[in-house]
Amino acid sequence: MSRIKEFTLPDLGEGLTEGEILAWLVKVGDTVELNQPIVEVETAKAAVEIPAKWAGQITRIFHEAGTVVEVGAPIVAIDTDPSAGPVEPAPSAASLAAVEVAPAEGMVEPGMIGGPAPGGRTAVLVGYGPRTTTAKRRPRRTDGGTPPASAPPAAAAAAPPVAPSAPPAPVPAPPATNGDGPVLAKPPVRKLARDLGVDLATLTGSGPHGSITRADVERAVAVPEPVAAAPAAATVAAPIFDASREQRVPVKGVRKLTAQNMSASAFTAPHVTEFVTVDVTRGMKVLDKLREHREWRDVKVSPLLLAARAVVLAVTRHPMVNSTWAGDEIVVKEYVNLGIAAATQRGLIVPNIKDAGRLSLRELAEALNALVATARSGKTPPADMSGGTLSITNVGVFGIDTGTPILPPGETAILCLGAIRPTPWVHKGKIRIRQVTTLGLSFDHRIVDGELGSRFLADVAAFMADPEGCALTWG
Amino acid sequence: MAKGDLETVGADAPAGGYVQLLTPDGDRVERVTGPDGTEYSVDFTDAEYRTLYRDLVTVRRLDAEATALQRQGELGIWASLLGQEAAQVGAGRAMRPQDMAFPTYREHGVLYTRGIDPIMPFGLFRGVNQGGWDPQEYKFNQYTIVIGAQTLHATGYAMGITMDGKTGSADGEAVIAFFGDGATSQGDVNEAFVWSGVYHAPIVFFCQNNQYAISEPLERQTRIPLYRRSSGFGFPGVRVDGNDVLATFAVTRAALDNARQGQGPTLIEAYTYRMGAHTSSDDPTRYRIASEVESWKVKDPISRLKAFLEKQQVGDAAFFAEVDEQAKAEAIALRERVLELQDPDPVTMFDHVYPHGSPEVDAQREAFQRYQATFEGSAH
């Protein structure tokens, strides 16, 4: 057996035909262990990591991340004995496979497993596969084999491969002429119509046999019905407040957890919120300087970075705000796992940067950017969401001035960063246009008194107003 | 506290409590008295504790190997037991040789602790056979894919051994039927409860409540704790910490002993969590939040037993390393044997339709052989 083994994309989930390479976890030249995760692949069913099938050295990666690859295509080659020196690359399985793939022969009757099904999909064991496939099968014998007289019709002629006989294309049927008969639509389409408040009886179906399709329903919602001229004498109908104008959204997932956490926190920790309005013009200039600095060329710099730095430095001066109420004792943490509230497609999550106090400014910036990007892509690992000790919520990005945030359960303080606006401001005795923002700080009054909360918030504000000065004097 | 509730044991117990003999931190609870007065405790030797630990680590390692094999295209599908090791090992080790098990498709840990070669179900998951084996030989019925169906088979079997006079003594036989939280909504399971209750069948219904029926959370299955369902059918129910192998063992042993002595059925709810996906075709991040999974990690069945063994000085670093090595060796051996499982000749699919064949099936077999012969390549 060849030393170089090619790993082909398997069917990862019962009848799938393709998968998208999300990310390579290895590169050519890397040495991998058996079962070491090498690549992330997303299929119609799940995003999964594929472990290496053999130990060895990666010699070739066939497809870059972002490529959609058919099941059966080679994706990576592994040299299973790299210590034995270089080898000639083996012929690609793709080229071999190409020889073996015979045209589909339409042997399987429509509706049978493996055969074409309405809608151009393929019937599999349970339900239907994700999209049309052509069955790959061994070619027929060209020497005629030994077809007995009673062979099935398709085997009778030892003909050269014929062009694929496509499954019968669904012929668009004329619009339903059901008269008063039932409206044809599949259950998911009926549900969609009900959710959107569309009366199926008013639509003309464009699907097979005049059935109403998802697209028909969506079109009906997109185009407002032409409004007939109201009769002159008509009175405006009273608004109707019934269930047809209400939406019911199930409470689950992140929404449910958020609700539980917020209720639990709001009704156990007595919250106090304080505000301070501060001139951050100098802080913004420092950020500009960073942006122009060559070493910072590749790093995104935002006011959130300034706030994050201000918080971790201010904590060193007031450790008690970085603590947890544990019933009969207060646990003061000597590390800051800095939570950042992030709006994602799934809802609000608060991933945190572990031990943010030990990071350099540059590392903190990179950690912030990575955290936000990961949260947006919905891939925040569970470990990033637990163990937070103190958090920041940035409502400024929405153009909001400030807020009274609720503490994440177990935390004692949360900073609210507002929008930074050019504002008329008294500066050195004169009214000037300055960059001004309002900071809000909610804290758990069981642990933090007004004095401590005020001093902490004042320090955060002082740092944002004059980062360089504070960095020098706080040492 | 509702009538019949256990006093809550441990800070991590769900409302209503459960039987726990080993806390997540690895501290022993000497004994727990159930709502009906039953006392649960275990009295293991050091060697037995070590065996339980070895079981847990090995079944988890074999399971991980199977998951990897599926990702590598060597299995069509795999149903992982990750997180449920203690429930399965505890129940499996509580069974006596004469007891009969009716598994779902996830009971790899029970299978292992019955002393059955772990390769046995892999033909099914690799798609090279129908998952058939002789249930009587192993006292372990075939993996049942249809949700809850095996509870009826188990009930019938239990009624049968009663009629055969094999129960009613300390050495009698008993039956255990495994199923999940989702199965409790099935008609079959409720029918099995009715029949078992009415006929006083010698059966233990062992429900691994792993909190999700694929994507459906427990609160969509029931308004009351599952173990209380049994009271409506006229037999006792008890909830056990399914991540605690000691408690699971104690509760299952007591229930099986009741059954074998003719005391009728028991419902056990082993409260646990499926740490992985429902099967390899499922993506749990689409319906579970990460922090929930995190919260269950601290209740891990293996780490708590390891902590206990360390505190008791029953296991040292050398022992734990040796167990890991042995589990890995078993996993690699299993992998190699799985890779050797060959595709069957397609024509064999006609072999098990009728025990003595039939002219109609014979004709189909011949036609299929002729059809196969028209293709190039190997014999099949």
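Values reported hereafter were calculated over all heavy atoms of this structure, with side chains retained and with hydrogens, waters and symmetry mates removed. A quick note: this is a predicted structure, and the numbers were derived from the prediction, not measured. Below, chains carry the letters A, B, ... as their sequence lines are ordered, and counting in each starts from 1.
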Let me know if [X] has heavy atoms under 4.5 Å from chain A in its side chain, its backbone, both or neither.
X      : answer
B:T67  : neither
B:R286 : both
B:E292 : neither
B:L75  : neither

Legend entry - Lys NZ or Arg CZ of B:K299 over B:Y273 ring: under 6.0 Å, within 45°: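 No, a cation-pi geometry is absent between B:K299 and B:Y273.
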Legend entry - Ring-face cation of B:R337 near B:F122 (centre distance under 6.0 Å, axis angle within 45°):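 The answer is no; the distance or angle limit is not met.
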Legend entry - Candidate pair B:T272 and B:Q84, rule side-chain hydrogen bond (donor to acceptor under 3.5 Å, both in side chains), full reasoning: CA-CA 6 Å; B:T272 181; B:Q84 300 174 222; 5.7 Å; no
Can you tell me which portion of [X] sits under 4.5 Å from chain B's heavy atoms? Options are side chain, backbone, both or neither.
X     : result
A:D11 : backbone
A:L34 : side chain
A:E42 : side chain

Inset, instruction - Flag the one option from B:R71, B:E65, B:Q72 with the top tally of heavy-atom pairs under 4.5 Å to chain A. - result: B:Q72
Legend entry - Non-hydrogen atoms of B:R304 and B:P24 that approach each other most closely: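 That closest heavy-atom pairing would be CB-O, 3.5 Å.
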Inset, instruction - Provide the closest heavy-atom pair for A:A77 versus A:E6 in the form atom of the first, atom of the second, distance. - result: CB-CG, 4.1 Å
Legend entry - Among the listed options A:L9, A:N35, A:V48, the residue most often paired with chain B at heavy-atom distances under 4.5 Å: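 Ranked by heavy-atom pairs under 4.5 Å with chain B, first place is A:N35.
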Legend entry - B:R126/B:E74 ion pair, N-O < 4.0 Å: yes
Legend entry - Worked check of ring pair (Phe, Tyr, Trp, His ring centres under 6.0 Å) between B:Y287 and B:Y212: CA-CA 10 Å; B:Y287 52 84; B:Y212 286 89; 5.7 Å; yes
